[in-house]
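In what follows, chains are A, B, ... by sequence order, proteins preceding strands, each numbered from 1.
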Protein chains: 2
Amino acid sequence: MFSMDIIKLAEVLNLSKSTVSRAFRDSSDISAETKQRILAKARELNYHPNHYASNMREQKSMTIAVVVPELANNYFTQIIQGVEKVAKTSGYHILIYVTDDDIAREQEFIRGVSNGRVDGIVMSVSGESKDHSYLAHVDVDRLPIVLFDRIYDDIDLPKIVTDDYDSSFRSTEHLIQQGCSRIAYLVVNKEQSIGKVRMQGYMDALRKYRIPLRKRLIVDCTNSYDENAGIIENAIQKQRPDGILASVERLAFSTYYACGKLSVRIPDDLKIVAFSSLEIASLLSPALTTVTQPAIQIGERAAALLLKKLQGTPIDDTERLITMESELVIRASSLPA
Amino acid sequence: MFSMDIIKLAEVLNLSKSTVSRAFRDSSDISAETKQRILAKARELNYHPNHYASNMREQKSMTIAVVVPELANNYFTQIIQGVEKVAKTSGYHILIYVTDDDIAREQEFIRGVSNGRVDGIVMSVSGESKDHSYLAHVDVDRLPIVLFDRIYDDIDLPKIVTDDYDSSFRSTEHLIQQGCSRIAYLVVNKEQSIGKVRMQGYMDALRKYRIPLRKRLIVDCTNSYDENAGIIENAIQKQRPDGILASVERLAFSTYYACGKLSVRIPDDLKIVAFSSLEIASLLSPALTTVTQPAIQIGERAAALLLKKLQGTPIDDTERLITMESELVIRASSLPA
DNA sequence: TTGTAGGCGTTATCAA
DNA sequence: TTGATAACGCCTACAA
């Protein structure tokens with residue numbers, strides 16, 4: 001029950017604490033010899049400068065927060081991988097916060113880290129986009145924020161997104177070209193940025209091919225697996241779609257299960273394309289056609305942008321909205337039987 | 001560029017900083033009225049007590065570190081989900097560290113958080129188990145550690161594991177009962193805790209059924225997808241196994257790809273069982289038989305155990321080694337064609 | 001090159 | 001109930 005601090009270490013070494021302190025920074029004001037001696041002793045006594053004390057002095061924490069709506073989603077865990085990778089190389093630590101799509105919690109987290117606890121934030125916002133003005137009050141010079149994927153359009157922060165509109169348009173077009181005419185769009189929250197943009201791509205593709213938009217084919221799902229099972233089964237039975245565009249991965253899985261249960265054959269009776277970062281999409285039965293977002297790169301990019309800002313480099317305008325390209329990988333689930 | 005601190009807030013309110021400070025803790029030495037006034041003003045001016053300053057005073061950070069070998073693995077992301085969930089309810093923050101199975105980095109991380117940066121650690125160790133004595137030097141009264149899944153046997157810390165030996169034994173037995181006699185065991189690191197224990201279960205099951213152990217059927221894989229592709233293809237062609245037990249999920253995926261490439265049919269020519277936390281194992285082609293570990297619960301349990309310790313409750317002996325049960329979920333990949 | 005001293009923002013102790 | 005003051009452990013002018 002004995003804790004080492006800089007003073008004790010200094011005493012042991014018969015030096016002042018300033019000298020010891022210098023040994024742990026880049027300071028040139030110290031003889032190599034003394035420095036070695038200090039470092040050696042520190043290792044021996046297992047001394048490490050207290051991070052919080054340093055932080056308080058230096059007003060920085062070398063920590064960034066990653067805020068995501070959920071963890072049970074390959075996309076977000078890949079984002080974290082990307083952020084972690086970049087953060088690590090610059091010596092930053094990362095704190096993870098999961099909002100469960102609850103804007104109150106999102107707000108609470110942002111507040112909770114607004115005290116020097118983190119130096120910056122990488123965030124994909126929660127689904128609800130009603131009142132998010134709290135973000136506008138954050139002093140981004142003190143606490144920079146980079147948004148990715150699920151963003152708030154009216155908030156002026158650096159953003160990284162994927163070409164969701166195009167991907168959605170192309171996916172729908174692909175289904176049409178495979179002969180689908182009753183294409184359903186599965187969405188969790190169509191008020192939210194990505195849900196909305198992807199829906200627009202879907203609708204515009206239908207219009208281009210003069211396929212009437214049927215409101216019933218836009219299916220509102222939830223975050224609950226159980227509820228979605230019912231919703232999707234119901235939609236399949238009642239609306240008889242011959243194609244499905246799932247705006248998030250999870251909804252495609254639910255569709256697979258529903259089809260299994262209802263004996264609807266994929267792709268014979270129903271073709272599917274899904275936004276998904278599942279790496280083994282090709283091992284599914286049938287292999288799933290995906291819009292694959294470069295999730296890891298997005299995470300890396302977001303982290304790099306944040307670090308750049310943290311290092312004082314100004315973000316130029318071209319970097320305030322970065323659009324990355326997704327890839328439409330066509331597999332069996334959307335091809336002729 | 002104006003930062004709110006307790007002194008400024010006190011000035012605005014015409015109070016002393018002590019009084020303001022009291023408003024933010026449970027202190028009863030303050031009138032309800034004053035407290036309200038302070039809290040209201042704080043909200044208005046967006047003041048939050050600086051976390052690091054508090055930490056320094058209180059010698060605790062309300063933060064725990066989660067150290068995992070990798071993030072590209074459903075098991076570990078589910079663990080994080082579990083830890084996050086429990087930590088959140090107790091107001092703890094979580095830092096994520098990824099070792100990439102590099103013990104040097106593991107060591108570096110532990111050192112790096114040994115300064116009050118975190119109050120405790122939940123960790124699954126890296127694969128290499130040569131020299132990990134550094135862990136023995138950690139003062140676990142100051143910095144409690146809970147190990148899970150991949151552990152070091154000779155380190156006396158609370159541990160949470162799954163019944164890997166039994167699972168492995170039963171899986172192998174299951175394959176034997178399906179008529180397999182040349183069962184390969186795919187492993188990444190057979191020196192490491194889980195790799196070793198799972199191998200033992202495999203070997204003992206073979207012995208029970210008097211099936212000779214063929215060294216060639218124990219296939220050493222790596223962490224690289226590309227390398228594994230070659231290794232596994234090679235093993236399938238040269239050793240002609242009729243059953244495979246994959247000790248980690250990723251190796252099962254590689255096997256699926258290899259079989260596709262080599263036109264080996266699953267389960268007709270080769271049956272597979274894998275340790276895997278993939279939630280959509282039943283959607284694979286064919287559906288994958290899995291040993292499913294209760295990953296989320298393990299994470300929850302590990303976090304709960306750590307929090308218990310942090311709250312000063314002593315850990316009793318029965319909790320020093322907790323064994324959770326995995327479930328063998330039999331699906332098409334290991335059943336008769 | 002090394003030492004001295006002040007302050008980073010809090011909270012706890014003690015006095016008023 | 002409130003206020004003054006001394007830590008918490010560290011870093012950086014500035015002095016020696």
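- Taking atom CD1 of residue B:I38 and atom P of nucleotide D:dG3, one finds them 9 Å apart after rounding to whole Å.
- Applying the 4.0 Å criterion to OP1 and OP2 of D:dG3, one finds that B:T19 has a side-chain N or O inside that range.
- In this structure, the nucleotide among D:dC11, C:dC8, D:dT1 sitting nearest to the side chain of A:I6 is D:dC11.
- The distance between atom NZ of B:K17 and atom P of D:dA7, rounded to the nearest whole Å, is 13 Å.
- Here the two rings, on B:H48 and B:F24, have centers that are 6.0 Å apart or farther.
- Not one side-chain nitrogen or oxygen of B:S18 sits closer than 4.0 Å to the OP1 or OP2 atom of D:dG3.
- A close approach under 4.0 Å does occur between a side-chain nitrogen or oxygen of A:Y47 and OP1 or OP2 of D:dC10.
- Contact between the side-chain N/O atoms of A:S31 and the OP1/OP2 oxygens of C:dT2 is found at a separation under 4.0 Å.
- If you take CD of A:E11 and P of C:dT2, they are 18 Å apart, rounded to a whole angstrom.
- Contact annotation for A:H51: no contact, since no heavy-atom pair falls under 4.0 Å across all strands.
- Regarding A:H48, its NE2 atom lies at a distance of 16 Å from the C1' atom of D:dC10, rounded to whole Å.
- We find that CZ of A:R25 is positioned 12 Å from C1' of D:dG9, with the value rounded to whole Å.
- When each of D:dA4, D:dC10, D:dC11 is scored by its nearest atom to the side-chain atoms of A:S21, the top-ranked nucleotide is D:dC11.
- How far CD of B:Q36 is from CD1 of B:I30: 9.5 Å, rounded to the nearest 0.5 Å.
- For the 3.5 Å distance criterion, the side chains of B:D5 and B:Y47 fail to qualify, holding no donor opposite an acceptor.
- Among C:dA12, C:dG9, C:dA5, the nucleotide with an atom closest to any side-chain atom of B:E58 is C:dA12.
- Phosphate proximity of D:dC11 to A:Q59: absent, as no side-chain N or O sits under 4.0 Å from OP1 or OP2.
- Between the P atom of C:dG9 and the CZ atom of B:R22 lies a distance of 20 Å, rounded to the nearest Å.
- Without hydrogens or angle criteria, A:K308 side chain to A:A303 main chain gives no donor-acceptor distance under 3.5 Å.
- Listed pair A:S54 / D:dC10 fails the phosphate criterion, with no side-chain N or O lying under 4.0 Å from OP1 or OP2.
- The CG atom of B:N14 sits 13 Å away from the P atom of D:dT2 (whole-angstrom rounding).
- Under a cut-off of 6.0 angstrom, the local environment of CD in A:E33 is sparse, with at most 12 non-hydrogen atoms contributed by other residues, nucleotides or ligands.
- Separating the NZ atom of A:K60 from the P atom of D:dT12 is a distance of 11 Å, rounded to the nearest angstrom.
- For the pair B:R57 and C:dA12, the criterion of a side-chain N or O lying under 4.0 Å from OP1 or OP2 is not met.
- With distances taken from any side-chain atom of A:T34 to the nucleotides D:dG9, D:dA13, C:dT1, the minimum falls on C:dT1.
- Comparing B:L15 and B:M56, the nucleotide of DNA chain D nearest to each residue sits closer to the 5' end for B:L15.
- One distance of note links CG of A:L95 with CZ of A:R117; it measures 5.5 Å at 0.5 Å rounding.
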